[in-house]
Amino acid sequence: MTDKKPIRILSGIQPSGALHVGNYFGMMEPAVALQAEGEALYFIADYHALTSLRDPEALRENSRRVALDFLACGLDPNRATLFRHSDVPQVTELAWILSTVAPMGLLERAHSYKDKLARGLPATVGLFSYPVLMAADILIYDSDVVPVGKDQKQHIEITRDLAVKMNETFGQQEQDGRIFKLPEARIKAATETVPGIDGQKMSKSYGNNIDIFGDEKEMRRRVMSIVTDSTPVEELKDPAKSTIFKLYSLVASKEEIAAMRERFLKGGTGYGDFKKQLFEKLWEYFAPMRKRREEILADKSYIDSVLKKGAARANEIADQVMKRVREAVGLR
Ligand code: TYM
């Protein structure tokens, strides 16, 4: 027997729109698989969404929908904790404390801030210090592993840098010389950047998303509008360069993938046919989750009860960690 503590797994998703294929394969599927490996905590990042969403009804509505989608995708509330970010307001206190040691230069190098400005989001202090709040989200649960897509990699690096800064500045009194553990990003190579219909990273803000719980007609329309090159039907096509093939590889069996690869390399099949095949597979792949989603929706109080239980557990851990942090910095 070993008395080693189970690892703690944590991740979050912004309630800024409908769940798309990129979110699912980049984060949700790995997060659901990790439920079996330790104590998993997953949250709906509503504080973060405030940096881009200024519609209170939409924020509330989206937050419930993300909870519903996560549960439909296999999050098991008996194994994992699902909660709303804003149900643990201590996280904003930790963000403030972290911001007092966060070097400006570190945040100025953050890609996501620059990307968001380029997309027209207002340059607010909240948007700039987003990585500090994200570091607090992770550190406040003593997280070991953080399953995310590649676009979040730099944020986890910043989190580690801030944990080291805190340990160096205030950790001397702690038993092992540190206040925080250093969390690790868990990024699956095969799904680190799922492409959207234009071949760029799939993202709601780029308008290239395929939503997984949209209606059938809409999913078909999105798949049929995947951008392709102008290779004629009879010529062979390169599967490695094809968004259709990349997406198909996520949802088809090994044999089906091999068969599509062969047809790409043989020539004689147009992109339209490949798109139809992709749509059929995508629709079929998410069918059990759509069914589960309907079942959850039928039970009006289920989501609220899951979130309530989740908030209680998240608060329990956050309170313990904050006690340690407040003592270490001299606030108590
Ligand atoms: P968000 O809400 O943009 O995305 C949620 C998760 O989905 C992943 N993802 C993708 N992965 C692969 N390919 C894609 N095209 C794709 N699009 C999205 C993201 O990498 C992410 O894992 N800042 C975070 C939310 C957050 C968080 C945290 C995550 C807040 N605090 C603490 C982990 C730990 C975000 O905006 O993700």
Side-chain angles (χ1 to χ4, degrees), residues 8-32 34 40-53 59 62-63 65-66 69-70 73 75 83-86 88 91-92 94-95 98 110-113 115-116 119 121 126-127 129-160 162-163 183-212 243 246-247 249-250 314 318:
R8 204 168 272 155
I9 304 137
L10 173 115
S11 199
I13 177 167
Q14 288 197 63
S16 43
L19 182 69
H20 58 66
V21 173
N23 298 135
Y24 179 77
F25 286 102
M27 186 279 255
M28 266 191 196
E29 192 215 37
V32 167
L34 280 167
L41 294 131
Y42 301 130
F43 69 94
I44 301 146
D46 51 1
Y47 279 139
H48 282 290
L50 277 177
T51 57
S52 59
L53 187 63
L59 183 58
N62 287 353
S63 297
R65 198 175 48 194
V66 170
D69 291 353
F70 222 142
C73 288
L75 184 143
F83 62 102
R84 262 191 223 98
H85 204 196
S86 57
V88 191
V91 76
T92 60
L94 180 57
L98 296 179
H111 313 304
S112 75
Y113 178 65
D115 290 351
K116 286 173 181 169
R119 276 192 274 123
L121 285 183
L127 197 65
S129 58
Y130 183 114
V132 180
L133 180 57
M134 186 157 156
D137 304 338
I138 298 171
L139 299 175
I140 205 166
Y141 303 107
D142 278 339
S143 312
D144 298 289
V145 170
V146 187
V148 282
K150 192 179 168 196
D151 59 353
Q152 300 299 316
K153 188 168 179 248
Q154 192 188 33
H155 285 151
I156 316 290
E157 286 162 5
I158 293 174
T159 301
R160 290 170 64 93
L162 295 182
E184 273 177 32
R186 181 77 62 91
I187 300 172
K188 254 176 109 175
T191 52
E192 62 175 26
T193 307
V194 175
I197 59 174
D198 59 357
Q200 305 303 306
K201 182 192 93 164
M202 187 180 293
S203 166
K204 182 180 170 276
S205 49
Y206 300 161
N208 63 1
N209 43 314
I210 301 175
D211 296 342
I212 68 177
T243 303
K246 284 181 196 158
L247 293 175
S249 303
L250 299 175

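Keep in mind that this is a model prediction, so the values were computed, not measured. Atoms within each ligand, like the ligands themselves, are counted from 1 in listed order.
Of the protein's heavy atoms, M27 CB, 3.6 Å lies nearest to atom 6 (C) of ligand 1. Given atom 36 (O) of ligand 1, the protein heavy atom at minimum distance is Q14 NE2, 2.9 Å. Atom 37 (O) of ligand 1 has Q152 NE2, 3.7 Å as its closest protein atom, hydrogens excluded (heavy atom only). Ranking the protein heavy atoms by distance from atom 23 (N) of ligand 1 puts Y130 OH, 2.6 Å first. When hydrogens are left out, the protein atom nearest atom 10 (C) of ligand 1 is G22 O, 3.4 Å; that is the closest non-hydrogen contact. For atom 13 (N) of ligand 1, the nearest non-hydrogen atom of the protein is V194 N, 2.8 Å. If you check which protein heavy atom lies closest to atom 18 (C) of ligand 1, you get N23 ND2, 3.3 Å. Among protein heavy atoms, atom 30 (C) of ligand 1 sits closest to H48 CD2, 3.4 Å.
Between F70 and Y42, the ring planes are parallel. Angles under 30° get that label, and only those over 60° would be called perpendicular.
I212 and H20 make their closest contact through CG2-C, 3.9 Å (heavy atoms, listed as atom of the first residue, atom of the second, distance). Scanning all heavy atoms of the two residues, the minimum distance from Y24 to P30 falls at O-CD, 3.9 Å. The minimum heavy-atom distance between D137 and H48, with the atom names listed, is OD2-NE2, 2.7 Å.
Counting heavy atoms under 4.0 Å from ligand 1, residue I156 does not touch it at all. The proximity of D137 to ligand 1, defined as any non-hydrogen pair under 4.0 Å, is limited to the side chain. Of the heavy atoms in I138, only side-chain atoms (C-beta onward) come closer than 4.0 Å to ligand 1.
Those atoms of ligand 1 that come under 4.0 Å of a heavy atom in T191, given as number and element, are 12 (C). Annotation for ligand 1: atoms under 4.0 Å from non-hydrogen atoms of V146 are 33 (C), 34 (C). Listed by number with element, the atoms of ligand 1 under 4.0 angstrom from any heavy atom of G26 are 11 (N), 12 (C). Interface of S11 with ligand 1, defined as ligand atoms under 4.0 Å from a residue heavy atom, comprises 33 (C). Every atom of ligand 1 with a heavy atom of F43 under 4.0 Å away is listed here by number and element: 28 (C), 31 (N), 32 (C). In the vicinity of V148, heavy-atom distances shorter than 4.0 Å reach the ligand 1 atoms 22 (O), 33 (C).
A donor-acceptor contact shorter than 3.5 Å is absent between the side chain of S86 and the backbone of D46. Proximity of a side-chain donor or acceptor of D198 to a complementary backbone N or O of Q200 within less than 3.5 Å is detected.
Considering both main-chain and side-chain atoms, G149 comes within under 3.5 Å of ligand 1 through a nitrogen or oxygen pair. Checking only distances, D151 does come within under 3.5 Å of ligand 1, N or O to N or O. Taking any N or O of M202, backbone or side chain, at least one lies under 3.5 Å from an N or O belonging to ligand 1.
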Next on the checklist: salt bridge (Lys or Arg N to Asp or Glu O under 4.0 Å), that's the test. Do E29 and K188 meet it? Break it down for me.
Outcome noted: CA-CA 10 Å; E29 192 215 37; K188 254 176 109 175; 3.2 Å; yes
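Residue contacts with ligand 1 include E192, since one of its heavy atoms falls under 4.0 Å from the ligand. The shell of residues lying under 4.0 angstrom from ligand 1, judged by heavy atoms, includes H20. For the pair S203 and ligand 1, no heavy-atom separation below 4.0 Å is found.
Rounded to the nearest 0.5 Å, atoms CD1 (I13) and CE (M28) are 4.0 Å apart. Between L139 atom CG and R160 atom CZ the span is 10.5 Å, to the nearest 0.5 Å. Taken to the nearest 0.5 Å, the OG1 atom of T243 stands 9.5 Å off from the CD1 atom of I197.
Around atom NZ of K246, more than 12 heavy atoms belonging to other residues, nucleotides or ligands sit under 6.0 Å away.
Partners of Y141 according to the ring-ring contact (aromatic ring centres under 6.0 Å, His included) rule, which considers only residues two or more places apart in sequence or in another chain, are F83.
With P147 as reference, L34 is the one residue of I187, L34, L10, V32 to meet the side-chain contact (heavy atoms from CB on, under 4.5 Å) rule.
Considering only non-hydrogen atoms, atom 26 (C) of ligand 1 lies nearest to G12 out of G196, P183, S16, G12.
Within the 4.5 Å cutoff, the side chain of V146 has no heavy atoms near those of the T159 side chain.
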